[in-house]
Amino acid sequence: MDGPVLVLAGAGTGKTRVLTTRLAHLLFSGKASPHEVLAVTFTNKAAREMKARVEAVLNRPVESLWIGTFHSVGARILRIHAEAVGLKSNFTILNSDDQVRLLKQLLTAAGIDEKRWPARLAAAVINNWKDRGLTPDEVAKVEKGGGGFAGGKAPALYKVYQERLKTLNAADFGDLLLHVLTIFKTHPEVLAQYQHRLRYLLVDEYQDTNVSQYLWLRLLAQQHKNICCVGDDDQSIYSWRGAEVGNILRFEKDFPGAKVVRLEQNYRSTPNILAAASALIDHNTGRLGKTLWTDKPDAEKVQIKGTWDGTEEARMVCDDIENAHRTGHPLSEFSILVRASFQTREFEERLLTLGIPYRVIGGLRFYEHREIRDAIAYLRIIAQPDDDLAFERIVNVPKRGLGTATLQTLHMAARSAGIPLTLAAQQLLQTDDLRPAARTTLGNLMSSFDRWRGMLDEMPHTEVTELMLDESGYTGMWQADKAPDAPGRLENLKELITALEAFESLGGFLEHVSLVMDNDAEAGDDKVNLMTLHGAKGLEFDTVFLPGWEEELFPHPRALDEGGAEALEEERRLAHVALTRARKWVTISFASSRRVFNQWRSALPSRFIDELPADTVEFSSDQGVFPGRGAGGGGQPTFSRPNGSDLEWPDRKTQLAEAVRRRKGQDFVTSGGLIIEGKAKRVDRDPAEGDFAVGDRVFHQKFGYGLVATVDGNRLHIAFEKSGPKKVIDSFVSKAPKS
DNA sequence: GCAAGAGGCATTTTT
DNA sequence: TGCCTCTTGC
């Protein structure tokens, strides 16, 4: 059990079991007591599960055991030593939304054009530095060009941002790690204390740790060197968030004498699924290399289905689910995994129509509803008066006449004195800089805050919350609202109170809200699971549907633009993760045209489909999807491959080449006009729109406005006003008003 | 100060 | 399509 260990565990090889068993054994054998062990996981859910499993094995609760995400553990340590980095221990944890809003203010203050350099991007740049463990000072040393943001202003912005966070007594996600790292570096005695205490470290999903997490672990493990990391380089899918596969690759170097264990027997999937997944990932270079095997009996092949469009695809998937459900398969054993979250919509619509219950994991989360965030802002204010972002959010919600003018005065006062808004408000109230009406209202609000804050000592926090929401007029605001969703919001507020009950203190609750964003309250219900591929990590289902395997969607063009060949490999790992989620059945699908932003665009099957071995898959497709040469619907589906030969739809190579060319031309959004030649099907335009006639004025997403010159079936000759005459398939234009 | 309407814009993945 | 921001008119 002692010494550094790296467990390379392929998908479905039972890596969680390894960790829990090891953990349980450590405790059971008495090698370590619960508080001497730290187990870090990637998600809160994984942490909860691991804890539950350990408790089940030991048959007793283990309260003092440290299991959590890097962020929650970081938060815990940081609360204890907050002063060391200039924070108070009740600091607020900002979510990415708060972060962006704050940066927006700073950008405006710095005179940086927010249109050109969006706050979102600034946040990404800063987060990236934090992921790499770089403080503002270190960034100044490392980044000569300043990261290219706003002509090199990013490092300065980063510095200002950090100072601002300090004033606000707040920390963002990155800080939870970075600050702790700083404390470890600057306060050796603190580090020593943790090094000494934590005799065993266990790390899950090691392939997804970023530099700052890595540095963290390395520091903590120095004393006892009992670190056990479990990971799979083939499942590294978070490089965009700063994860470094390199961490796993250099483990042996960092921890001399490390034992490396490979787990290669897969207990989850059927041989076909496994073979498909393995062949796919084999296209990647620079792997540590594992050969997954299974002794499960052979079963059905991986289904690959082509459909005409996204709607059809959703129908196919959901109908399949409905049928299988009728034959006794529980809904919770189905999952639909998509590349990007917006893709869930079509499936949701279809499932709603069929009346099949579903849940979107990682979708719109409870704590992201407006009314919940408002309510939480109130709570944040009374928990931590310096929280300007919370203050701004609700200072005029419900409307109480404190508009932009008042707020501006407040801001100026706060900024010139370098103090939080609430403090500035107190001071302003002593002057007559504010209009009398505003002054009274603001004064009332401020004393209300004080009053509610005082109540926290006298009554349960749930009651304070209820009282506060009533007295502030917040509940009343929604009661008076006649919008159809208002009752639902009131319901949510009630649910919030219920959620609060589970916590001892307001502070504990707020911590939970900021760190535990997942909602699996209803995880037990029998529902179809809908989520992104990233969200599916660590999960498994009997049946997995993988829609949208198309070029321009998966692999995702954005990823390729940013990361090139490496990103393609990461996309491929994502595909590998996707396939290996399934125990028994996988259906991959693609649509030949898809509506994106209300605009039709045709698509090609993903290159990843090409990479699946022919003998592990089975094709079928709608009539006319990828027909033979030429438009007009003449060909027959070449997509079914009766004898399992290699894929050979006509011009596949040219089509792919074309797709690549288009991408290089930075042209992909308006791909419409270019590759429609091979496409026969008319996309369903609004039937009421009718057919086009000569002389109609039409609009094309790429070519602009034009007049129809001739009509030949679905092919139109159009004289475009800007782009000249062109031949276009009618589905790519819409009728436009006469000029 | 506020509400409604118009216009512009974007959409990868998340602790 | 739907969200967010800006403008306009009261």
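Below, each value reflects all heavy atoms present in this structure, side chains not excepted, and no hydrogens, waters or symmetry copies. Lettering follows sequence order; numbering is per chain, from 1.
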- Message: If stacking means aromatic ring centre less than 5.5 angstrom from the base's six-membered ring centre, planes under 30°, is A:H556 stacked on B:dT12?
- Response: yes
- Message: Does the structure show A:W240 stacking with B:dT13, if we require the centres to be closer than 5.5 Å and the planes to be within less than 30 degrees of parallel?
- Response: yes
- Query: Under 6.0 Å from the six-membered ring centre of A:Y238 and within 45° of its axis: does the NZ or CZ of A:R241 meet both?
  - Reply: yes
Report each atom pair, protein N/O against N/O of nucleotides 8-10 of chain C, whose distance is under 3.5 angstrom.
none

- Query: What do you reckon, are the aromatic ring centroids of A:H556 and A:W240 less than 6.0 Å apart?
  - Reply: no
- Task: Step through it carefully: locate the ring centre of A:W549, locate the ring centre of A:F590, and say whether they are under 6.0 Å apart.
- Result: no
Got a salt bridge between [X] and [Y], using NZ or NE/NH1/NH2 to carboxylate O under 4.0 Å?
X	Y	value
A:K15	A:E205	yes
A:D374	A:R393	yes
A:R315	A:E312	yes

Integer-rounded Å distance: [N] [atom2] and [X] [atom1]:
X	N	atom1	atom2	value
A:F173	B:dT13	CZ	C1'	15 Å
A:R120	B:dT13	CZ	P	11 Å
A:E349	C:dT1	CD	C1'	10 Å
A:Y238	B:dT12	OH	P	16 Å
A:L568	B:dT12	CG	P	18 Å
A:L121	B:dT12	CG	C1'	15 Å
A:L94	B:dT15	CG	C1'	14 Å
A:L553	B:dT12	CG	P	11 Å

- Query: What about A:R339: does its side chain form a donor-acceptor pair under 3.5 Å with the base of B:dT12?
  - Reply: yes
- Note on the structure: Residues passing the salt bridge (charged side-chain N to carboxylate O under 4.0 Å, His left out) test with A:E511, sequence neighbours excluded, are A:R79
- Task: Would you please name every residue forming a salt bridge (charged side-chain N to carboxylate O under 4.0 Å, His left out) with A:E346, sequence neighbours left out?
- Result: A:R594
- When all nucleic acid strands are considered with a 4.0 Å heavy-atom cut-off, which category describes A:F70: base, sugar-phosphate, or nothing? nothing
- Task: Report yes if some heavy atom in the side chain of A:I93 is under 4.5 Å from a heavy atom in the side chain of A:F91; otherwise report no.
- Result: yes
Identify the pairs formed between an N or O of the protein and an N or O of nucleotides 3-5 of chain C at a distance under 3.5 Å, and give each distance.
unit_1 : atom_1 : unit_2 : atom_2 : d
C:dT5  : OP1    : A:K104 : NZ     : 3.2

- Comparing nearest nucleotides in DNA chain B, the 5'-proximal residue of the pair A:A438, A:H71 is A:A438
- Could you say whether A:N396 or A:S341 is positioned toward the 5' end of DNA chain B, judged by the nucleotide with the nearest heavy atom to each? A:N396
- So side-chain hydrogen bond (donor to acceptor under 3.5 Å, both in side chains) across residues 568-580 of chain A, not counting sequence neighbours, yields A:S239-A:E570, A:N284-A:R572, A:T285-A:E569, A:R339-A:E571, A:E570-A:R573, A:R572-A:E611
- Aromatic ring pairing A:F608/A:F554, orientation class (parallel under 30°, perpendicular over 60°, tilted between): perpendicular
- Query: Quick one: is A:T532 getting a side-chain N or O under 4.0 Å of the B:dT12 phosphate, OP1 or OP2?
  - Reply: no
- Message: Less than 4.0 angstrom between a side-chain N/O of A:R241 and OP1 or OP2 of B:dT12, yes or no?
- Response: no
- In whole Å, what separates the C1' atom of B:dT13 from that of C:dC4? 22 Å
- Query: Closest to the A:A340 side chain: C:dT1, B:dT14, B:dT12?
  - Reply: B:dT12
- Task: Over all heavy atoms of both residues, which pair between A:A122 and A:L103 is shortest? Give the atoms and the distance, please.
- Result: C-CD1, 4.1 Å
- Message: Please give me every residue in residues 400-413 of chain A whose heavy atoms get under 4.0 Å of an atom in DNA chain B, ordered by residue number.
- Response: A:G401, A:G403, A:T404, A:A405, A:T406
- Message: If the test is side-chain contact (heavy atoms from CB on, under 4.5 Å), which one of A:T532, A:L530, A:L553, A:L337 qualifies with A:Q343?
- Response: A:L553
